[in-house]
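First the proteins, then the strands, lettered A, B, ... as listed; each starts at 1. Source: prediction; values computed, not measured. The analysis underlying the following values was restricted to heavy atoms, covering all of them including side chains, and did not include hydrogens, waters or symmetry mates.
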Number of protein chains: 4
Amino acid sequence: MSWNTFGRVLRFTTWGESHGPAIGAVVDGCPPGIALAESDIQPFLDARKPGQNKFTTQRQEADEVRILSGVFEGKTTGTPISLLIENTDQRSKDYSEIANTYRPGHADYAYDAKYGFRDYRGGGRSSARETAMRVAAGAVARLVIPEVTILAYVAEIGGDAVDPANFDAAEIARNPFWCPDAAAAERWEALVDDARKAGSSLGAVVECVATGVPAGWGAPIYAKLDADLAAGMMSINAVKGVEIGDGFGAARLTGEENADPMRPGNDGPRFEANHAGGIAGGISTGQPVTCRVAFKPTSSILTPVESITRDGEATEVRTKGRHDPCVGIRGTPVVEAMLALVLADHKLLHRAQCG
Amino acid sequence: MSWNTFGRVLRFTTWGESHGPAIGAVVDGCPPGIALAESDIQPFLDARKPGQNKFTTQRQEADEVRILSGVFEGKTTGTPISLLIENTDQRSKDYSEIANTYRPGHADYAYDAKYGFRDYRGGGRSSARETAMRVAAGAVARLVIPEVTILAYVAEIGGDAVDPANFDAAEIARNPFWCPDAAAAERWEALVDDARKAGSSLGAVVECVATGVPAGWGAPIYAKLDADLAAGMMSINAVKGVEIGDGFGAARLTGEENADPMRPGNDGPRFEANHAGGIAGGISTGQPVTCRVAFKPTSSILTPVESITRDGEATEVRTKGRHDPCVGIRGTPVVEAMLALVLADHKLLHRAQCG
Amino acid sequence: MSWNTFGRVLRFTTWGESHGPAIGAVVDGCPPGIALAESDIQPFLDARKPGQNKFTTQRQEADEVRILSGVFEGKTTGTPISLLIENTDQRSKDYSEIANTYRPGHADYAYDAKYGFRDYRGGGRSSARETAMRVAAGAVARLVIPEVTILAYVAEIGGDAVDPANFDAAEIARNPFWCPDAAAAERWEALVDDARKAGSSLGAVVECVATGVPAGWGAPIYAKLDADLAAGMMSINAVKGVEIGDGFGAARLTGEENADPMRPGNDGPRFEANHAGGIAGGISTGQPVTCRVAFKPTSSILTPVESITRDGEATEVRTKGRHDPCVGIRGTPVVEAMLALVLADHKLLHRAQCG
Amino acid sequence: MSWNTFGRVLRFTTWGESHGPAIGAVVDGCPPGIALAESDIQPFLDARKPGQNKFTTQRQEADEVRILSGVFEGKTTGTPISLLIENTDQRSKDYSEIANTYRPGHADYAYDAKYGFRDYRGGGRSSARETAMRVAAGAVARLVIPEVTILAYVAEIGGDAVDPANFDAAEIARNPFWCPDAAAAERWEALVDDARKAGSSLGAVVECVATGVPAGWGAPIYAKLDADLAAGMMSINAVKGVEIGDGFGAARLTGEENADPMRPGNDGPRFEANHAGGIAGGISTGQPVTCRVAFKPTSSILTPVESITRDGEATEVRTKGRHDPCVGIRGTPVVEAMLALVLADHKLLHRAQCG
């Protein structure tokens with residue numbers, strides 16, 4: 001089956017291929033009366049868009065979003081919001097030779113195995129280009145949760161992590177890596193540039209934090225806030241792992257070390273730690289919701305990798321197209337968007353049941 | 001909202017509280033004509049059930065499952081299968097003093113914040129007792145995918161990992177830890193016993209592998225096989241992290257290191273590595289599907305932890321009830337069940353669209 | 001596929017066969033804090049239950065409902081509410097001879113065609129016994145919409161309609177037909193008794209009205225209030241038609257005749273007619289929501305009807321079991337329940353999006 | 001909530017307003033490998049489009065559909081199919097005076113009551129213009145069920161019904177009324193023209209038949225084939241009633257009269273009647289699936305109707321814009337489309353569970 005809709009009350013459906021005429025999203029269930037214009041969405045797309053520096057793919061896309069429905073006199077009407085971006089820089093010829101070859105680590109073989117054939121131009125539907133529409137939908141979701149502040153940043157590239165002691169949120173937008181540690185950003189410049197020149201690629205870990213989430217969002221048992229976050233993050237291209245709070249680190253702690261003691265506070269409890277990442281029993285606790293996401297290195301590399309053709313013959317694949325040396329960088333705005341989308345959905349879900 | 005249903009075609013809904021009269025599940029969408037009896041389910045429940053050795057909670061539950069519908073003359077009819085287990089050992093008095101106190105790290109505060117009050121007996125709905133019904137539903141799911149073999153085991157307790165060189169699948173059932181490494185099992189015996197005696201608790205990492213999954217299962221973009229696995233695993237009590245394939249480890253590899261080269265094989269490609277964990281673009285590749293799940297140490301410990309009462313007064317909490325020193329151990333059959341449930345659902349989803 | 005769940009936010013799942021050990025429902029998404037006990041549900045089941053007079057099947061079922069979860073200290077907790085009724089009067093032997101014969105007009109052949117075999121005891125899952133659980137779930141739904149008053153009654157049996165001039169709501173509970181017209185009830189007594197004695201059966205039309213529904217419930221375009229009502233009513237056993245407001249009658253009116261003029265009122269508009277049945281554009285208008293439901297005569301009759309065996313041989317079928325001469329009568333509480341369930345769901349849906 | 005998606009496996013989502021820049025649909029879950037081009041869809045849109053004769057609204061829309069995704073090298077890829085139609089003849093000025101007035105019988109008041117404000121241009125989202133996208137999606141659905149033949153026609157206008165004895169399927173496309181009875185078509189010409197000239201409007205009944213549906217489609221209990229049909233049909237603008245098979249007529253029959261006797265046939269049973277409309281227990285029986293749909297007369301009439309303004313003041317409404325004298329006529333292709341969409345969905349649903 002194909003299943004291109006995410007969310008329960010605030011749902012969005014994306015469509016489009018890397019090299020088709022356009023990509024789009026339909027956001028359904030948005031509350032009415034929210035001020036919304038293209039200019040509320042475009043900055044987030046600009047932050048994600050390719051070709052902005054040498055550390056990302058050189059594909060040039062304007063990524064100009066149009067709102068085709070659901071807004072009247074500058075406000076959402078409560079009806080579906082259709083968002084559309086035209087594809088303007090599809091160099092299909094780049095991909096012609098791999099029409100009959102499976103790129104290892106890509107979805108080529110899996111799509112063929114599932115569907116019998118595939119749109120091979122730029123990965124077709126499996127391209128990360130789809131994530132542009134998540135960013136656009138996420139911009140709408142942010143407006144549904146004005147009480148929440150969302151921040152994502154790259155915490156690690158190629159195994160080189162930021163130093164928490166150096167964390168400076170203001171630094172994130174100052175470097176091309178969404179890096180909150182100026183020293184790390186400097187190191188990564190060399191690291192990523194070397195990978196780029198070598199035609200290699202690097203993995204990354206992205207962290208995200210939502211502050212201002214009130215206690216009570218989350219729908220146990222099977223729409224737990226953390227379960228929906230895990231699904232949303234894992235559905236992003238190249239993601240292979242998701243942690244909430246201390247994640248795998250918590251598996252190495254004792255119960256005493258992992259405790260999040262509570263003290264009387266002015267407005268609900270004051271927590272003395274946040275190993276849990278702001279979620280208990282699948283429901284937000286009022287603490288910051290924290291999540292870590294692992295991006296693999298892209299499989300598009302210059303080094304030849306053994307593969308097979310559609311006919312099952314042995315061959316080798318080298319990627320000569322335009323690609324990101326570290327897809328986690330451009331994944332950062334996507335992580336932010338998914339966090340916003342999940343939280344906005346759960347805000348509405350919560351009020352459905354609990355008023 | 002409450003959302004107690006999981007799955008898309010093969011869906012199951014669970015209900016019940018730790019100290020209510022019973023817990024249950026309704027499995028809907030199971031194909032007709034499959035031989036099914038209580039005896040197909042009971043062994044999996046027996047494997048999960050508490051009180052079997054000193055390393056798990058001493059709650060004594062027979063956990064005898066009854067099939068109340070959906071089976072006729074020994075075969076599934078295609079109608080909903082109702083499964084029920086009576087609760088027989090609910091010592092409600094154990095919990096009476098914490099009715100007005102929030103246990104840090106538990107869902108107590110979050111449930112109160114969401115719903116305004118809570119069933120405090122044994123955690124009510126947030127108790128891991130709910131997972132018994134996943135194990136029961138998972139036993140049904142296994143029968144839907146006879147081509148698949150599922151195996152889960154504990155790979156790490158309290159930071160002490162098994163040695164892959166010692167991996168012996170036959171060992172898993174021989175020790176109380178689902179440990180595939182005899183040497184590690186011996187070490188864990190002391191480790192877990194010490195934690196138990198100290199009234200402390202330990203985290204764990206559970207690994208699971210499904211072999212025999214054909215290429216083509218998974219529904220991009222928002223019902224990717226890995227996204228559904230992530231949601232399913234993250235919804236298990238105490239889980240804080242999920243990895244597919246190399247997971248966070250992949251974030252530290254280069255594209256060259258992370259490649260899964262393909263060679264011509266007899267029946268589809270032969271992959272020379274499986275960093276991807278058997279999933280590309282959200283679709284199975286025919287390789288083993290691998291997943292790692294992080295369990296935090298249970299928050300139920302003897303050491304007093306600072307907390308607050310429902311009225312917001314400062315207090316301390318010590319857990320005197322019966323609890324697991326390492327919930328990851330009993331989580332292992334639950335991980336297996338969720339893997340079976342997600343795969344069975346995706347088998348049916350795949351044939352819905354692709355015949 | 002099997003799909004035994006209804007609703008979007010307030011969802012219920014039913015399970016169970018006519019002659020299995022029990023039937024049940026799981027109601028998920030109910031708001032927390034609502035006072036709920038078996039005694040809130042039982043009266044509605046008693047109203048529906050068989051064997052109460054000679055005009056309904058003589059099957060004797062106590063239909064005692066038990067609440068197994070989701071309620072604590074007398075109030076809903078916001079977690080799933082499991083409802084269970086044991087089957088106590090299953091005379092399986094009544095049905096043994098039709099195991100290999102298809103009863104015309106029943107679901108026997110369709111179930112076999114779909115699933116390959118069927119639970120033939122009393123119709124198995126296709127039995128109207130399933131509707132008892134709708135009535136139970138509907139009793140919960142009523143508590144979610146205390147602002148709404150729901151009333152259903154039989155408007156027509158065997159083509160003999162009530163006279164609107166005689167309508168008296170107080171009459172409905174005074175006769176065994178849920179008939180609001182005392183004169184019609186008297187005529188029906190003879191009509192239905194004749195059918196019963198002849199082993200024949202009669203169709204019926206049931207009308208239902210919900211007053212107190214505020215303007216604004218309904219989710220266009222594909223969860224319109226009327227569309228969900230149509231689905232809910234059509235899913236009741238033996239139902240073949242659904243009308244909202246004037247229904248098919250509206251197709252014979254001109255635009256002038258069908259107009260529902262609006263005048264200034266104290267609290268929203270005052271409508272001067274209600275051809276629309278309280279719904280415009282799929283959204284409630286604040287007028288009474290009205291719906292008409294057509295029940296066919298049951299196919300279980302004494303007169304032999306030509307049929308075939310499972311092996312395709314010609315045969316005849318006469319129904320010798322206990323059956324209702326007019327299933328529309330016992331369908332009336334089910335219509336009420338479905339109306340309550342749809343409205344309660346839409347109340348919650350509305351507040352999810354619109355606060 | 002807003003809910004603009006229909007279907008379970010083959011799902012479509014529509015978006016767009018009457019006077020926005022465009023309208024569209026995303027069809028998700030379509031099987032791969034089906035030949036599909038705009039030319040497969042356009043004829044159905046042409047059949048529905050306005051302005052083709054004096055019996056329909058004079059709005060002039062080219063209604064040219066574009067496929068923006070999901071098709072590669074002329075075949076569906078299994079990924080979402082995005083369909084878009086630009087709005088070219090939106091005369092917004094026609095509607096400016098009713099921005100502050102509620103048109104009785106329209107959704108104006110209900111939308112305001114729900115969402116707080118509305119896009120008043122041509123009815124915005126509540127306009128029947130949305131149904132163009134159902135027709136487009138329906139054209140895709142037809143390709144999923146090549147074994148099924150679908151036919152809809154107008155059976156009654158303003159209470160004047162076709163004579164079954166005159167039924168001639170070939171006649172349907174020969175007159176502007178989709179009328180299968182040449183004599184009735186001639187009568188309707190005068191009838192509808194009179195209504196048009198008088199600025200009045202007429203209701204209609206549309207019948208549809210699907211032949212070639214195999215036994216076994218339908219998902220009891222809550223996705224019964226007839227329940228899904230009822231929801232789909234009732235969601236069409238101006239529809240107030242739905243009947244399956246004999247519908248309300250069955251309520252006036254005895255069990256003997258309503259029986260559908262079965263005889264041995266070559267390929268499954270041979271039914272001697274089809275009162276049931278091809279569906280028993282919510283599952284297709286292999287007989288033609290028949291459905292009747294009641295359309296009210298449009299509320300847009302020249303005769304002034306009492307109404308109120310947004311501020312609650314008394315006023316009168318006359319409709320001066322371009323409107324259909326009998327919306328049931330243009331509803332006929334929409335009924336066909338919904339029938340195709342429901343059947344295609346159930347074909348896929350059936351094979352999900354039953355292989």
Side-chain angles (χ1 to χ4, degrees), chain A residues 1 3-4 6 104-105 107 110 113-114 126 159 200-201 203-205 215-216 219 221-224 226-227 230-231 234-235 240-245 247-248 250-256 258-262 264 269 280-281 283 285 294 296-297 301 303 305-308 312 314 349 352-353, chain B residues 1 3-4 6 104-105 107 110 113-114 126 159 200-201 203-205 215-216 219 221-224 226-227 230-231 234-235 240-245 247-248 250-256 258-262 264 269 280-281 283 285 294 296-297 301 303 305-308 312 314 349 352-353:
Chain A
M1 194 190 298
W3 200 287
N4 292 274
F6 187 89
K114 181 173 192 69
S126 73
S200 181
S201 64
V205 175
I221 304 291
Y222 295 113
K224 285 180 171 175
D226 39 1
M234 196 67 93
S235 73
K240 301 304 286 184
V242 182
E243 297 180 313
I244 304 295
F248 280 84
R252 281 133 209 165
L253 300 178
T254 64
E256 291 77 14
N258 191 55
D260 289 331
M262 301 161 82
I283 302 171
T285 61
K296 70 173 185 181
I301 52 176
T303 305
V305 181
E306 292 186 323
S307 187
I308 60 171
L349 274 165
Q353 187 182 20
Chain B
M1 193 190 299
W3 201 285
N4 293 275
F6 187 89
K114 183 174 192 68
S126 73
S200 182
S201 64
V205 175
I221 305 290
Y222 296 113
K224 285 180 171 175
D226 37 2
M234 196 67 93
S235 74
K240 302 303 286 186
V242 182
E243 297 179 313
I244 304 295
F248 280 84
R252 281 134 210 165
L253 300 178
T254 63
E256 291 77 14
N258 190 56
D260 289 330
M262 301 162 83
I283 302 171
T285 61
K296 69 173 185 182
I301 52 177
T303 304
V305 181
E306 292 187 323
S307 188
I308 59 171
L349 273 165
Q353 187 182 21

Rounded distance [0.5 Å steps], CE in M234(B) versus NZ in K224(A): 10.5 Å

Nearest-0.5 Å distance that lies between atom OG1 in T303(B) and atom CD in E256(A):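 Between T303(B) OG1 and E256(A) CD, I get 4.0 Å after rounding to 0.5 Å.
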
Chain A interface, residue from [options] that has the most non-hydrogen pairs under 4.5 Å:
options: V305(B), T254(B), D260(B), V205(B); answer: T254(B)
options: P104(B), A280(B), A227(B), A230(B); answer: A227(B)
options: G255(B), S126(B), A314(B), G281(B); answer: G255(B)
options: I221(B), I283(B), T285(B), I244(B); answer: I221(B)
options: A294(B), P261(B), A251(B), A110(B); answer: A251(B)
options: A107(B), G159(B), A113(B), S235(B); answer: S235(B)

In terms of heavy-atom proximity below 4.5 Å to chain B, should [X] be classed as side chain, backbone, both, or neither?
X: A259(A); result: side chain
X: I301(A); result: side chain
X: N4(A); result: both
X: K296(A); result: both

Closest non-hydrogen atom pair between F6(A) and A231(A), with its separation: CE1-C, 4.4 Å

Exam field: side chain K114(A) to backbone G216(B), donor-acceptor pair closer than 3.5 Å: yes

Expected output: side-chain E243(A) to main-chain F248(A) donor-acceptor under 3.5 Å: yes

Option that, when pairs with chain B are counted at under 4.5 Å, heavy atom only, ranks first among G312(A), S307(A), A204(A):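 Winner by heavy-atom pair count: S307(A).
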
Best-contacting candidate, G245(A), G105(A), S200(A), against chain B by heavy atom pairs under 4.5 angstrom: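 Going by pairs under 4.5 Å, I would pick S200(A).
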
